[in-house]
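Just below is one structure, and these are the notes that go with it.
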Amino acid sequence: MIMPTITLNVEGMSCGGCASKVEGAIKDLGAEGKVDLAAKSVTISYEEGKVTVDALKAAIEDKGFDVV
């Protein structure tokens with residue numbers, strides 16, 4: 001199965017702890033995410049139909065970060 005990949009720009013991440021929170025929020029939805037602190041972004045692979053982009057954005061924002 002091919003999983004779509006998206007990259008979201010996330011403001012407010014400044015350390016490894018921030019990255020862990022964002023990656024954890026994504027994992028809780030059943031997706032995989034990798035944060036790039038320098039680029040202020042997260043690249044996410046997810047299963048279409050199981051997880052929506054809006055749900056991923058909401059999960060990140062619920063942790064206190066801004067998806068821009």
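Quick note: residue numbers are just sequence positions, from 1.
Of all non-hydrogen atoms in Ile44 and Ala31, the two that sit nearest each other are CG2-CB, 4.0 Å. The two residues Val35 and Glu23 have their closest heavy-atom pair at N-OE2, 2.9 Å. Nearest heavy-atom pair, Glu47 versus Met3, reported as atom, atom and distance to 0.1 Å: N-CE, 3.7 Å. When every heavy atom of Gly12 is checked against every heavy atom of Cys18, the shortest pair comes out as O-SG, 4.1 Å.
Partner of Ile26 under the side chain to side chain contact (heavy atoms under 4.5 Å, CB included) criterion, out of Val22, Leu29, Asp28: Val22 alone.
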Contacts table for residues 49-61: side-chain donor-acceptor under 3.5 angstrom, sequence neighbours left out:
residue	atom	partner	partner atom	Å
Thr52	OG1	Ala55	N	3.0
Glu61	OE2	Val67	N	3.4

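Legend: residues meeting side chain to side chain contact (heavy atoms under 4.5 Å, CB included) with Glu32, ordered by chain and number and at least two apart, are absent. The side chain to side chain donor-acceptor pair (under 3.5 Å) test applied to Thr5 returns Ser45, not counting sequence neighbours. Among residues two or more places apart in sequence or in another chain, the side chain to side chain contact (heavy atoms under 4.5 Å, CB included) test is passed with Lys63 by Ala25, Phe65.
Checking side-chain atoms of Asp36 against main-chain N and O of Ala38 turns up a donor-acceptor pair under 3.5 Å.
The side chain to side chain donor-acceptor pair (under 3.5 Å) analysis of residues 6-18, with sequence neighbours excluded, yields the pairs Thr7-Thr43.
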